[in-house]
Structure formats: structure tokens, C-alpha cells
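Please read the structure below before turning to the comments.
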Amino acid sequence: MLPSVGVVKVLLQSLTEFSVRALVVDPVMVSTSGDVLAGPSILSTFREELLPMANIVTPNIKEASALLGGIRLETVADMRNAAELLHALGPRNVLVKGGDLPDSLDAVDIFFNGEHFYELRSSRIKTRNTHGTGCTLASCIAAELAKGSPMLTAVRVAKRYVETALEYSKDILIGNGIQGPFDHLLRLKSGSHSFHRKDAFNPSDLFLYAVTDSGMNKKWGRSTVDAVAAAIQGGATIVQLRDKDAGTKDFLETAKSCLAVCRSHGVPLLINDCVDVALASDADGVHVGQSDMPATVARTLLGPEKIIGVSCKTIEQAQQAWIGGADYIGCGGVYSTNTKANNPTIGLDGLKTVCSASKLPVVAIGGINDSNAGTVMEMGVPNLKGVAVVSALFDRENVLAETKKLHALLMEASSSSSKIQ
């Protein structure tokens with residue numbers, strides 16, 4: 001809340017003197033209750049000096065109207081036009097918030113990055129407890145940017161947080177005014193109203209990471225669904241569905257069937273490479289390689305709640321995966337493998353180097369089986385959470401027995417590593 005030109009000037013001087021990673025400008029001029037919080041004298045200073053410095057500006061429709069000389073904003077099309085006009089004033093991104101949009105069944109916000117428009121919709125929650133929603137949204141965006149999230153991901157996470165907080169606190173009765181508070185501390189409380197997705201990603205899920213291979217399963221006369229069920233019964237903690245030969249329609253049907261099995265056992269299912277199949281099947285996420293869709297694009301398409309993994313060989317690739325919004329990296333190939341041709345290995349030393357530098361949990365990939373998995377896990381390096389296996393499980397006659405054996409071996413190796421540390 002910047003109520004005078006003098007205050008804005010002080011802020012501008014500080015922003016010039018001290019560089020910030022990202023500047024979020026929430027032009028608090030008109031509150032949701034209709035109160036005018038900043039006079040017209042500061043509008044020109046906002047437009048000419050503060051907005052050009054912003055990485056994102058987040059006005060509600062009344063504030064957007066005030067910044068643009070009083071234009072009427074009554075439809076989503078009007079909001080798009082306002083976002084484009086505001087972007088022309090200099091901010092890199094614009095979020096026009098439509099919570100007060102008349103005759104709208106959904107809460108619709110318009111995000112514009114100078115090239116593309118995004119309509120961000122959520123359910124309109126009936127509650128009087130809306131005090132501070134705009135300030136909270138902007139603060140959450142800033143917090144997500146500070147963690148390294150891409151702008152659109154930060155906005156999506158912030159919008160989801162505000163929506164969840166409103167839903168959680170919609171029946172709170174405090175005070176006698178026309179607005180009440182929503183509960184910012186919902187994440188600290190137990191129960192079903194958690195901000196995290198019900199099946200939030202847990203790095204320990206990477207412990208025994210089973211990657212399917214349709215060719216191997218056909219060789220042994222079983223379906224991919226049966227193979228996944230056997231692996232889970234044997235102790236697989238996460239499953240990646242990979243089928244390079246199937247068409248999209250068949251792959252989608254397999255994904256849906258495998259997802260039902262995984263969900264019944266509480267095991268996450270990821271789709272290899274194909275974001276469209278992950279979206280259509282409602283799988284828990286995707287795993288992408290360096291030549292596939294960038295993590296930041298996958299995150300934009302999948303939203304903040306899905307799991308994203310990225311294959312990495314170097315510290316630089318691991319850093320980029322973190323910046324792009326990935327949840328974990330698959331590091332390798334550690335050893336040579338017959339499932340990927342022309343795939344240079346990094347060895348245990350390369351794995352150790354990447355694990356030590358990674359800001360994300362790591363699963364070791366490539367050529368890992370019951371003869372070397374123990375050696376990998378006994379390294380005890382930071383962030384190494386498990387191993388990913390293909391042939392060691394699925395190019396075998398009895399998937400259940402092989403998975404049980406490998407799981408026991410990993411448990412023993414992890415225990416030995418913990419004792420050494």
C-alpha cells in the first residue's frame with residue numbers, strides 16, 4: 001500500500017540501490033470491499049516509474065481500471081485487453097484478477113506474458129472471509145519466485161494456495177465487519193484440508209523406481225498391467241510407464257489401467273515423455289529426458305500438483321531441472337545398458353558429483369541390477385534416494401520374485417550406509 005508519491009519515490013530509490021531477484025507489484029489502490037486506498041496523484045508515478053521495473057503486476061479489475069484511466073472491465077475479454085494494455089506500460093508479466101468480475105460463475109484471472117494469454121480458473125467459494133486475498137496472492141507469488149519457480153508456475157501455485165485457504169476457512173466467524181480473515185496457517189494443521197495434493201511427492205518414493213518395458217513384457221507373455229501389479233506387490237515404490245512402440249490411444253488405455261492398480265496401492269505412476277498421456281490419464285506426473293520437453297514447459301502444462309522428473313548427467317542439467325520446476329532428477333546412466341543405445345555412462349564418480357551438487361532428490365538410473373544396486377546405495381551421498389531399474393525386473397520370468405529380492409538388497413544396503421554415516 002503506497003498512499004503517496006513520496007512513499008513511492010522512497011521505494012524506487014531503494015529498488016535502484018538494492019537489486020532484487022524479482023519484483024512483484026500489487027497496486028493496492030482499491031480493496032475488495034471497495035475502499036479507495038491510494039489517491040489519483042500517485043497513478044502517474046506508478047505507470048511511469050514503478051510498473052516498468054516490475055517482473056509482474058497483479059491488479060484486481062478495479063485497480064486495473066484505475067491504472068488505465070477508468071476503462072470499464074466487465075468481461076473476460078475486457079480483462080484480456082486490460083492485461084495487454086498494462087503490459088505495454090513495461091512490466092514483464094501481468095495478472096489481472098477477476099474475483100470481482102460480475103456475473104462470473106468461476107474466479108477467473110488473466111495472465112499475460114507479452115506473448116500468450118492464460119485463463120486461470122478456479123471455483124468461486126462462498127464466504128465472507130476474503131480479507132487480504134490479493135496481498136496474500138502477491139506474497140505467495142514472490143515466495144515461489146524466490147524458490148526458483150518460473151513465473152506462470154508461481155502464479156498457479158499462489159492461486160491454488162489462496163483458493164485452498166478460502167475453502168479451509170470459509171466458515172470461520174471472527175469479528176463483525178463485512179469481511180473476515182482466511183486461514184494462512186492451514187498447512188501447519190492436520191486433517192484433510194492440506195494445501196499439498198493428497199498424494200504429494202515424497203522423495204522416499206524413489207527408493208525402488210520401476211521402469212516398464214513393453215517389449216520385455218511381451219517376450220515373457222504378460223501384459224504391462226500385470227507386470228506393474230507384480231512389481232508393486234514386490235516392493236516397487238514408484239512406477240514409470242514407458243512404451244516407445246505403442247500408439248497414443250493404446251498407450252493411454254494402458255496408462256489408465258496401470259493407474260488404477262497404482263492408486264489402489266498408493267504408488268505414484270509417472271508417464272515417460274508423453275505429457276498428453278499424463279494429462280489425459282490423470283497420472284501422477286511425467287519423466288522427461290534432455291531431448292524431450294523442457295521441465296518448465298511440462299510444469300506449465302501439468303500445473304503445480306503433478307510430479308516431474310528429468311534425466312540428467314551433469315551439474316548444469318541438474319541445476320536447470322531445479323530452475324524449471326522439476327521434483328527430482330534421474331542421474332545416469334551409471335552403468336551401460338541395453339535399453340538405450342549410444343548412452344554414455346557417468347559411473348559412480350559422476351553420480352556422486354551430481355548428487356552432491358543437486359538441489360533435488362536423485363534416483364540413479366542406467367544398467368542397475370541386483371549385482372550393483374547395493375554398491376550404488378552404499379555410497380551414502382547426499383540426495384541419493386533410490387535406484388531405477390528396467391531389465392532387472394521386467395526382463396525376467398518372475399517380476400514379483402525379482403522385485404522382492406532387489407527391494408531386500410536395497411534395504412540392506414541403505415541400512416549399511418546409515419551405519420557408516
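Remember, it's a predicted structure, so these values are computed and weren't measured experimentally.
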query = Does the side chain to side chain contact (heavy atoms under 4.5 Å, CB included) test come out yes or no for Leu270 and Tyr209, once each step is laid out?
reply = CA-CA 10 Å; Leu270 309 182; Tyr209 187 125; 3.6 Å; yes
Does [X] pair with [Y] as a salt bridge, N-O distance under 4.0 Å?
X      : Y      : result
Asp273 : Lys244 : yes
Lys219 : Asp213 : no
Glu144 : Arg156 : no
Asp284 : Arg263 : yes
Asp243 : Lys218 : no
Asp370 : Arg396 : no

Euclidean distance, [Y] [atom2] relative to [X] [atom1], rounded to 0.5 Å:
X      : Y      : atom1 : atom2 : answer
Cys274 : Leu279 : SG    : CG    : 11.0 Å
Ile329 : Gln320 : CD1   : CD    : 12.5 Å
Ser311 : Asp292 : OG    : CG    : 8.0 Å
Thr300 : Tyr118 : OG1   : OH    : 6.0 Å
Glu402 : Asp395 : CD    : CG    : 10.0 Å
Asn202 : Asp327 : CG    : CG    : 11.5 Å

request  = Applying ring-ring contact (aromatic ring centres under 6.0 Å, His included), run through His116 and Phe111 and close with a yes or a no.
outcome  = CA-CA 8 Å; His116 304 290; Phe111 176 83; over 10 Å; no
inquiry  = Asp109 and salt bridge (Lys or Arg N to Asp or Glu O under 4.0 Å): which single residue from Lys97, Lys159, Arg160 fits?
reply    =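 Per the salt bridge (Lys or Arg N to Asp or Glu O under 4.0 Å) rule, the option paired with Asp109 is Lys159, out of Lys97, Lys159, Arg160.
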request  = Step by step, work out the side chain to side chain contact (heavy atoms under 4.5 Å, CB included) result for Phe207 and Met411.
outcome  = CA-CA 9 Å; Phe207 184 68; Met411 290 293 291; 3.7 Å; yes
Using modelled atom types only, decide if a donor and an acceptor are shared between the side chain of [X] and the backbone of [Y] within a distance under 3.5 Å.
X      : Y      : answer
Asp78  : Glu74  : yes
Thr136 : Gly132 : yes
Ser264 : Val261 : yes
Glu412 : Ala408 : no
Arg47  : Leu51  : no
Arg21  : Lys147 : no
Lys359 : Ile323 : no
Ser257 : Glu253 : yes
Asn60  : Glu63  : yes
Thr153 : Ser149 : no

inquiry  = If you apply the rule side chain to side chain contact (heavy atoms under 4.5 Å, CB included), what do you find for Thr337 with Ile368, and how did you get there?
reply    = CA-CA 8 Å; Thr337 173; Ile368 296 174; over 6 Å; no
Shortest non-hydrogen contact from [X] toward [Y]:
X      : Y      : answer
Phe117 : Ala83  : CE2-CB, 4.3 Å
Asn93  : Asn113 : OD1-CB, 3.2 Å
Thr403 : Ala236 : CG2-N, 3.7 Å
Ile271 : Ala255 : CD1-CB, 3.9 Å
Arg242 : Asn272 : CG-ND2, 3.4 Å
Pro91  : Val57  : CG-CG1, 3.8 Å

query = Under the side chain to side chain donor-acceptor pair (under 3.5 Å) criterion, do Thr375 and Asn372 qualify, and how do the steps go?
reply = CA-CA 5 Å; Thr375 302; Asn372 54 36; over 6 Å; no
request  = Could you pull out all residues at least two apart from His87 that satisfy side-chain contact (heavy atoms from CB on, under 4.5 Å)?
outcome  =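 Partners of His87 by the side-chain contact (heavy atoms from CB on, under 4.5 Å) criterion, ordered by chain and then number, come out as Val94, Phe112.
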ask   = Regarding Thr58 and Asp26, is there a side-chain donor-to-acceptor distance under 3.5 Å anywhere?
value = yes
key: Over 12 non-hydrogen atoms of neighbours within 6.0 angstrom of CZ in Arg72   = no
task = Evaluate the side chain to side chain contact (heavy atoms under 4.5 Å, CB included) criterion for residues Cys258 and Thr224: first the C-alpha distance (whole Å), next the side-chain angles of each, then the deciding distance (0.1 Å), finally the verdict.
result = CA-CA 8 Å; Cys258 289; Thr224 298; 4.0 Å; yes
Please examine the side chains of [Y] and [X], heavy atoms only from C-beta on, and report whether any two atoms are closer than 4.5 Å.
X      : Y      : result
Pro361 : Asn383 : no
Met79  : Ile61  : yes
Glu119 : Val76  : yes

ask   = Please walk me through it: do Ser214 and Asn217 pass side chain to side chain donor-acceptor pair (under 3.5 Å)?
value = CA-CA 5 Å; Ser214 56; Asn217 288 321; over 6 Å; no
ask   = Can you list every pair that meets ring pair (Phe, Tyr, Trp, His ring centres under 6.0 Å) and has a residue in residues 252-290, with sequence neighbours left out?
value =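 Applying ring pair (Phe, Tyr, Trp, His ring centres under 6.0 Å) to every pair that reaches into residues 252-290, excluding sequence neighbours, yields His287-Tyr328.
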